[in-house]
Trainee: 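Take a look at the following structure, please.
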Amino acid sequence: MKGLVIWFVQLLVSVSFLSTSLADTFDDRLSHHLDFAKKSLLANISPEDALPGAVIASPSRSNPDYYYHWVRDASLVMQVILDLYAEETDYLLQQMYLQYLRDFTHVTRIQQLNSGFQGYGEPKYYVDGRAYEGPWGRPQNDGPALRASVLIRFFNILKQNGEMPDSELIQAIEQDLEFTQQNWANPSFDLWEEVKGDHFYTRMTQRKALLDGEKWAKDMQNNHLLQVCAEQIPAVEVSLEGFKDYSKRNIYVTLNRVGGLDYKHSQLDIANVLAILHSYNGDDYYSPSSFWVFNSAMDLEQSFRQLYPINEQYPHLGTAIGRYPEDKYYGGNPWFLTTLALAEYYYKLAVEMHDRTFVEKADKTLERVLFHAGPDGSMAEQMNLYTGFMESARDLTWSYASFITAMRARKLAKQHNF
Ligand code: NOJ
Ligand code: NOJ
């Protein structure tokens, strides 16, 4: 009898366990995925065979080989490390995050010295710090600009902590700013490494770098840099005005194409939304809710909604988003980081517009991401447009970085009582 009672109690306990795990709320699932994203992002920094501070784009070494340090991906990842540092209360973990930044600074200096000033637009490096020498879309001038901004943010944190930033960090920042102020008007390859010309995304990163640089140079009493940054910013803004498409009432992705792919006719590209997520300066200049940015995001979502079969198959989920409608890479699939970008955009829009319907839209977009991610939370670069299964590089560092920043935007949006 006693055995039967124990058996019955055990049965009850396991049934109730089962039902709570089945009834895991959306918030529970998100927080599980967030933990996984953080762990996976950290696993791709300083892997054993790399220089400390090198960030691999993915552990995948073939089909595709992403075992390199891309300047763009790495800079975006280091912004996330700074966010994690800022949220952290444990002293030892804080120190670990700062060490990643110190190592990243050191790797940056090695890369700068290995490529020479004119080569700062080099997009990717071996994990031992040498520049990749195979054929590639180069230069990519968003890299030094994104890197200048993240290194300046790191510099400011060290100073706040009462630490004296070392000369390596100062040199790395000066060099990236100098390169950006001298080269912003020159054509370069876009963030997708395909089209050579002038890009809204790249130019927004350059504007942000020069604005950050202006403040930093003032603080450093570096009059030369202060003057050149201050001089170039208005010129960069004049050029950014030229990206407004008055007939379509949205933003051109590329102007003055001089090389690379020539079939991006729609001029729709999530790059224009990423530009705002990565480089909005909080000064009302191309803000998330601005007419131009909003229209660009809406046109893009509508186009992808119709383009991908998985959007029709699972219409209760938010829209899976790709890079641009004409994309052919791996068959032109939706990507995780681009879908997450739309979610993050909606959370930021909700805050600016005081409108919670955008929080709901963003949550549905995250539902889509969870639906196609692995059950453990793993995220590759892409999801197949017909089946939704993951494709291309596994455990893409930038996918995890995007999940973390989207979740951060969600937290901020949820703090508002609309
Ligand atoms: C590799 C690039 O990283 C990717 O963005 C591009 O689509 C393909 N090459 C094809 O050019
Ligand atoms: C291809 C993407 O198009 C590019 O933006 C990225 O930097 C590399 N993959 C590495 O993730």
Side-chain angles (χ1 to χ4, degrees), residues 37 40-41 43-45 47 50 54-80 111 121-127 131-147 150 188-197 199-202 204-205 253-254 257 259-264 269-275 277-279 321-341 378-383 385 390-405:
S40 309
L41 176 127
N44 290 352
I45 307 176
V55 182
I56 49 168
S58 149
S60 170
R61 291 176 193 255
S62 62
N63 297 323
D65 182 3
Y66 272 26
Y67 207 82
Y68 298 94
H69 174 113
W70 262 268
V71 176
R72 166 180 42 260
D73 300 42
S75 302
L76 297 172
V77 165
M78 287 297 147
Q79 287 284 8
V80 170
Q111 292 169 341
E122 193 57 45
K124 70 178 200 180
Y125 291 83
Y126 295 102
V127 297
Y132 177 72
E133 70 281 301
W136 210 252
R138 53 169 73 86
Q140 294 176 21
N141 291 349
D142 58 328
L146 290 168
R147 194 167 59 189
V150 74
S188 76
F189 274 83
D190 70 319
L191 81 166
W192 309 134
E193 326 192 276
E194 297 176 330
V195 181
K196 192 172 185 188
H199 316 286
F200 182 75
Y201 177 88
T202 305
M204 283 294 283
T205 65
V253 61
T254 298
R257 190 189 75 85
L261 298 189
D262 63 356
Y263 51 75
K264 294 178 65 171
D269 194 314
I270 192 73
N272 287 350
V273 174
L274 287 167
L277 301 183
H278 298 164
S279 303
I321 302 288
R323 300 192 294 182
Y324 54 92
E326 301 86 351
D327 198 355
K328 294 190 167 72
Y329 185 47
Y330 275 79
N333 291 307
W335 286 33
F336 282 97
L337 77 92
T338 51
T339 307
L340 287 162
S378 59
M379 277 182 261
E381 182 182 66
Q382 311 181 15
M383 45 203 144
L385 76 162
M390 291 195 274
E391 278 215 28
S392 183
R394 72 180 171 91
D395 293 304
L396 189 84
T397 324
W398 191 356
S399 298
Y400 295 123
S402 306
F403 191 80
I404 299 169
T405 54

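Read the numbers this way: they start at 1 and go in the same order the structure lists the ligands and their atoms.
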Trainee: Look at the rings of Tyr126 and Tyr68 and say which category their plane angle falls in: under 30° parallel, 30 to 60° tilted, over 60° perpendicular.
Mentor: tilted

Trainee: For ligand 2, which atoms sit closer than 4.0 Å to a heavy atom of Trp398?
Mentor: 5 (O)

Trainee: Report yes if some heavy atom in the side chain of Arg323 is under 4.5 Å from a heavy atom in the side chain of Asp190; otherwise report no.
Mentor: no

Trainee: Mind jotting down which protein residues get a heavy-atom contact under 4.0 Å with ligand 1? Chain and number order, please.
Mentor: Trp192, Glu193, Glu194, Arg323, Tyr329

Trainee: Kindly say whether Ser58 contributes a backbone atom to a donor-acceptor pair with the side chain of Asn44 at under 3.5 angstrom?
Mentor: no

Trainee: Taking the six-membered ring for Trp and the single ring otherwise, decide whether the centroids of Trp335 and Trp398 are under 6.0 Å apart.
Mentor: no

Trainee: Does Ser62 use its side chain to pair, donor to acceptor, with the backbone of Pro64 at less than 3.5 Å?
Mentor: no

Trainee: Check step by step if side chain to side chain donor-acceptor pair (under 3.5 Å) holds for Glu194 and Tyr324.
Mentor: CA-CA 12 Å; Glu194 297 176 330; Tyr324 54 92; 2.6 Å; yes

